[in-house]
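What's counted below: heavy atoms across the whole structure, side chains too, no hydrogens, waters or symmetry copies. Worth saying up front: this structure is predicted, and the values here are computed from it rather than measured.
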Amino acid sequence: PFKGIIKNDTILEGEFTFPDGSLQPVLLKYLGVTPQADVQQIKLDPLSAKFSVSQLNSDLDFLINQLISQHPALFKYTREDTFKVAYETVSSKIEAGMSEDEFFRLIAPIVELANCAHTGIRLSKSFNTAIQQKQVLLPFEIKIIDNKAFVIHNFSNNEDIKPGAEIININNISIPEIINRLLSAIPSDGGNLSGKLFSINESFSLNYLNYLGIDSVFMVEYRYNSGEIKSAELTGITPADFEKSIIEANPPLPFQGKMPVSIDIETDKKLAILRVSGFWAPDFNAYNTFLENTFKQLEIDSVQTLIVDVRGNKGGHPYFAAELISYLARESFVYFSLPEEQGEFAPLFKPLKPKSLCFDGDIFVVMDGGCLSSTGHFLSLIKYHKMGWLVGEPSGSTFTCNDGSLQFSLPETGIEMNVPQITFETAIQGLEAGKSIQPDYPVTYHLEDYLRDNNPAINFIRGRFIK
C-alpha cells in the first residue's frame with residue numbers, strides 16, 4: 001500500500017510498504033511512457049505472451065537508462081565498461097518470440113551488477129497472478145549447506161525422499177551449476193555472498209522458477225549420506241499450495257499484535273530474548289510503547305542478559321531501528337552521516353541520548369544474511385559503539401545502502417523494476433563498504449539444525465554465557 005501526497009500531475013511522494021513488510025520513503029514520477037505491447041494478450045494469457053526483438057530491446061534500453069539516470073552509486077562496485085559489455089551481450093541474445101520470464105532471466109545478471117540489494121526486478125503482476133495456480137514449483141523446502149542442497153521438508157506425494165536427503169541434480173542440472181546461476185542473478189549489497197545465500201535458502205524453489213526456468217515436472221537425483229544415487233520424477237505444486245505448506249511446516253513466531261516484535265523473559269535465568277523481525281509497525285507510537293514496557297519489565301525482573309534476535313530482519317524505517325538502539329546504548333550516538341540532504345531524517349544526524357530505561361546488562365545480537373538495509377545500519381552501530389556482541393552469520397548488508405526508491409514497469413513486458421536514488425550511511429568508521437558485517441562469534445547452521453529447528457546461535461550463547 002502507498003500513503004502520501006500528490007504534489008502535482010506528475011509526482012507522488014510518500015511511503016510504500018514493500019513485500020517484506022518494511023516501510024520505505026518513495027518518490028513516484030510519471031514518465032509519460034505508454035506500454036506498446038498487446039495489453040489484451042498479456043491480460044488474457046501473460047504466461048504465453050511473446051515479444052518481438054524491437055520490443056525487448058526497447059525494454060532493455062529503458063532498464064539501462066533508468067539505472068544510469070537514477071541510481072546514486074551504479075558504478076561503485078562494477079566498472080562502467082563492464083555494464084556496457086553486459087548490455088551488448090544481453091542485446092545480442094535477444095530473440096523474437098521470447099516470453100516475459102525468458103527475458104527476465106536474460107536481464108537479471110545486468111541488474112545484479114549494480115551490487116545493490118535495493119536494485120531489483122520482479123515478474124509483472126499479471127504474470128505472477130497467472131502463475132499462482134500453475135504446478136510450477138519444486139515441491140521441496142531446500143537449504144544450501146557447503147554448496148550442497150538438502151531437503152528439509154518434502155511437499156510431494158513421493159514419500160521415499162525423506163528430510164535430510166541430498167539433491168544431486170534437478171532436470172539434469174547439477175546443484176553447483178544451479179547455485180552458480182542463482183548467485184549470478186540475485187542482487188546483494190556489494191555482491192556479498194551471505195545475502196545471496198540467505199535469499200536462495202529463503203525460497204530455493206521460487207528462485208529456481210525465477211532464474212532457471214518454469215517446469216511442471218522435475219527429474220531429481222538424490223542420495224543419503226553420500227550413498228547410492230537414486231532418481232525420482234516429481235510433479236510441481238502451485239505457488240499458493242507451496243506457501244501454505246511452508247507456513248504449516250514453519251509456523252510463524254507469535255508477535256506483539258500486528259508488530260514484528262516479541263519478548264520472552266526467562267526470569268530463573270535472568271535472560272530475555274527480544275525478537276525483531278522488521279523495523280516497522282503500523283503505529284510508531286505502539287512500537288515505542290512496546291519497547292518502553294519491555295525494557296521497564298527487564299528492569300523489574302533484574303534481567304542480566306539480553307539477546308536481540310534480528311535474523312531475517314530485512315530492514316524498515318531508520319527511526320524504528322534508532323529507537324531500539326536508544327535502549328541498548330549507554331552513551332549518545334549519531335545514526336546517519338549521509339545523505340547530505342537530511343530532510344525527514346534530520347534528527348538522526350544529531351546525537352541521540354540513551355533512554356533512561358536503557359539496558360545495563362550483557363547484550364548479544366543474533367544475526368544472519370537476512371539482515372538487510374536498516375538492519376545493516378543497526379548492526380554497524382552496535383558493533384562500532386561496542387554496545388554488545390554479534391553472534392551468528394555475516395550480515396547481508398552493512399553501514400551503507402541505497403534507497404529512496406522509485407518503482408517502474410518496463411513498458412513492453414511489464415517487468416517491475418526497483419531503483420534507489422539516495423545513499424544512506426551510518427556515522428561509523430572502520431567498516432568496508434560492500435563487505436558483510438562480521439559476527440564477533442561466528443556460528444553457522446548445520447543440516448541437523450534445520451531438521452530439528454534448532455537456533456545454533458542462541459544455543460551457543462546459552463551454553464557459553466548463561467549460568
message = Can you tell me how far apart CZ (Phe140) and CD1 (Ile167) are? Round to the nearest 0.5 Å.
response = 4.5 Å
ask   = If we ignore angles and hydrogens, is there a donor and acceptor under 3.5 Å between the side chains of Asn115 and Thr78?
value = yes
request  = Could you please spell out the steps behind the side chain to side chain contact (heavy atoms under 4.5 Å, CB included) verdict for Phe279 and Leu324?
outcome  = CA-CA 9 Å; Phe279 285 119; Leu324 175 55; 3.9 Å; yes
message = Rounded at 0.5 Å granularity, tell me how far CD1 in Ile246 sits from OG in Ser203.
response = 6.5 Å
ask   = Are Phe465 and Thr305 side-chain neighbours, meaning at least one heavy-atom pair lies under 4.5 Å?
value = no
ask   = Side chains of Phe155 and Lys244: closer than 4.5 Å at any heavy-atom pair?
value = no
remark   = All heavy atoms of Leu137 vs all of Pro239, minimum pair found to be CD1-CA, 3.6 Å
Ser380 side chain to Thr398 backbone, donor-acceptor under 3.5 Å = no
ask   = For atom CG of Asp360, is the number of surrounding heavy atoms from other residues, nucleotides or ligands below 6.0 Å larger than 12?
value = no
ask   = Where the side chain of Asp449 meets the backbone of His446, is there a donor-acceptor pair that is under 3.5 Å apart?
value = yes
message = Can you confirm whether Glu112 sits close enough to Lys196 that some side-chain heavy atom of one is under 4.5 Å from a side-chain heavy atom of the other?
response = yes
Ile121, Ile186, Asn418 screened by side chain to side chain contact (heavy atoms under 4.5 Å, CB included) with Val111, the one that passes = Ile121
ask   = Can you tell which of Tyr287, Tyr335, Phe378 makes a ring-ring contact (aromatic ring centres under 6.0 Å, His included) with Phe320?
value = Tyr287
query = Ile170 versus Ile175: any side-chain heavy-atom pair under 4.5 Å?
reply = yes
note = Partner of Ile363 under side chain to side chain contact (heavy atoms under 4.5 Å, CB included), picked from Leu328, Leu390, Ile307, is Leu328
query = Got a donor-acceptor contact below 3.5 angstrom from the Ser277 side chain to the Gly312 backbone?
reply = no
query = Taking side chain as C-beta onward, heavy atoms only, is Lys314 less than 4.5 Å from Ser373?
reply = no
query = When rounded to the nearest 0.5 angstrom, what distance separates CZ in Phe198 from SG in Cys371?
reply = 8.0 Å
key: Ser124 versus Glu100, closest heavy-atom pair with distance   = N-OE2, 2.7 Å
query = Closest heavy-atom contact between Pro394 and Ser436?
reply = CB-CB, 3.7 Å
message = Has His118 got a side-chain atom pairing as donor or acceptor with Asn402's backbone, closer than 3.5 angstrom?
response = yes
Side-chain donor-acceptor contact under 3.5 Å, His153 with Ser245 = no
ask   = Are the aromatic ring centres of Phe150 and Tyr450 under 6.0 angstrom apart?
value = no
Value rounded to 0.5 Å, distance of OG1 in Thr82 from CG in Leu113 = 7.5 Å
inquiry  = Taking the side chain as everything from C-beta on, heavy atoms only, tell me whether Ser405 gets closer than 4.5 Å to Gln421.
reply    = no
request  = Please work out which of the three classes, parallel, tilted or perpendicular, describes the rings of Phe349 and Phe336, given edges at 30° and 60°.
outcome  = tilted
Gap separating the CG atom of Asp368 from the CD atom of Glu393, nearest 0.5 angstrom = 6.0 Å
task = Verify the distance criterion only: is there a donor paired with an acceptor across the side chains of Asp189 and Ser397 at less than 3.5 Å?
result = yes
query = Does the side chain to side chain contact (heavy atoms under 4.5 Å, CB included) test come out yes or no for His317 and Trp280, once each step is laid out?
reply = CA-CA 6 Å; His317 201 290; Trp280 56 270; 5.8 Å; no
request  = Among Ile107, Asp61, Leu60, find the one that has a side chain to side chain contact (heavy atoms under 4.5 Å, CB included) with Leu410.
outcome  = Ile107
key: For Ala322 against Leu348, the heavy-atom pair lying closest together   = CB-CD2, 3.8 Å
task = Taking all heavy atoms of Asn192 and all of Gly396, pick out the closest pair and write down the distance.
result = ND2-O, 2.5 Å
ask   = More than 12 non-hydrogen atoms from neighbouring residues, nucleotides or ligands closer than 6.0 Å to CD on Glu248, yes or no?
value = yes
task = May I ask you to check whether Phe104 and Tyr211 place their ring centres under 6.0 Å from each other?
result = yes
ask   = Who passes salt bridge (Lys or Arg N to Asp or Glu O under 4.0 Å) against Asp241, sequence neighbours left out?
value = none
Test salt bridge (Lys or Arg N to Asp or Glu O under 4.0 Å) applied to Lys355 and Glu323, Glu299, Glu292, the passing residue = Glu323
request  = Classify the ring geometry between Phe460 and Tyr441 as parallel (under 30°), tilted (30 to 60°) or perpendicular (over 60°).
outcome  = tilted
query = Under a 4.0 Å N-O cut-off, is there an ion pair linking Arg79 with Asp81?
reply = yes
request  = State whether Glu80 and Lys84 are salt-bridged, where the test is any N-O pair (Lys NZ or Arg NE/NH1/NH2 against Asp/Glu carboxylate O) under 4.0 Å.
outcome  = no
ask   = Taking the side chain as C-beta and beyond, is there a heavy-atom pair between Leu123 and Ile131 under 4.5 Å?
value = no
message = Between Asp362 and Phe364 (side chain of the first, backbone of the second, donor and acceptor by atom type, cut-off under 3.5 Å), is there such a pair?
response = no
ask   = Is there a donor-acceptor pair closer than 3.5 Å between any side-chain N or O of Thr400 and the backbone N or O of Glu425?
value = no
note = Residues at least two apart in sequence or cross-chain that pass side-chain contact (heavy atoms from CB on, under 4.5 Å) with Tyr384, listed by chain then number, are Ile428, Gln429
Gln438 CD: over 12 foreign heavy atoms closer than 6.0 Å = yes
query = Mind checking whether Phe424 and Phe345 have parallel, tilted or perpendicular rings, split at 30° and 60°?
reply = perpendicular
query = Got a donor-acceptor contact below 3.5 angstrom from the Asp59 side chain to the Glu412 backbone?
reply = yes
message = Exactly one of Val310, Val308, Ile461, Ile273 should register a side chain to side chain contact (heavy atoms under 4.5 Å, CB included) with Val366. Which one does?
response = Ile461
task = Assess whether side chain to side chain contact (heavy atoms under 4.5 Å, CB included) is satisfied between Ser395 and Thr375, documenting all intermediate values.
result = CA-CA 9 Å; Ser395 66; Thr375 312; over 6 Å; no
key: Spacing of Ile178 atom CD1 and Asn147 atom CG [to the nearest 0.5 Å]   = 11.0 Å
key: Exercise: identify the closest heavy-atom pair between Ile382 and Gly388   = CG2-N, 4.0 Å
ask   = Taking C-beta and beyond as the side chain, do Met417 and Gln70 meet within less than 4.5 Å on heavy atoms?
value = no
query = Should the ring pair Tyr327 and Phe295 be called parallel, tilted or perpendicular, given that the plane angle runs from 0 to 90° and is split at 30 and 60?
reply = parallel
query = Has Asp146 got more than 12 heavy atoms of other residues, nucleotides or ligands less than 6.0 Å from its CG?
reply = no
ask   = Picking from Ile263, Asn313, Val261, Asp264, what satisfies side chain to side chain contact (heavy atoms under 4.5 Å, CB included) with Arg275?
value = Asp264
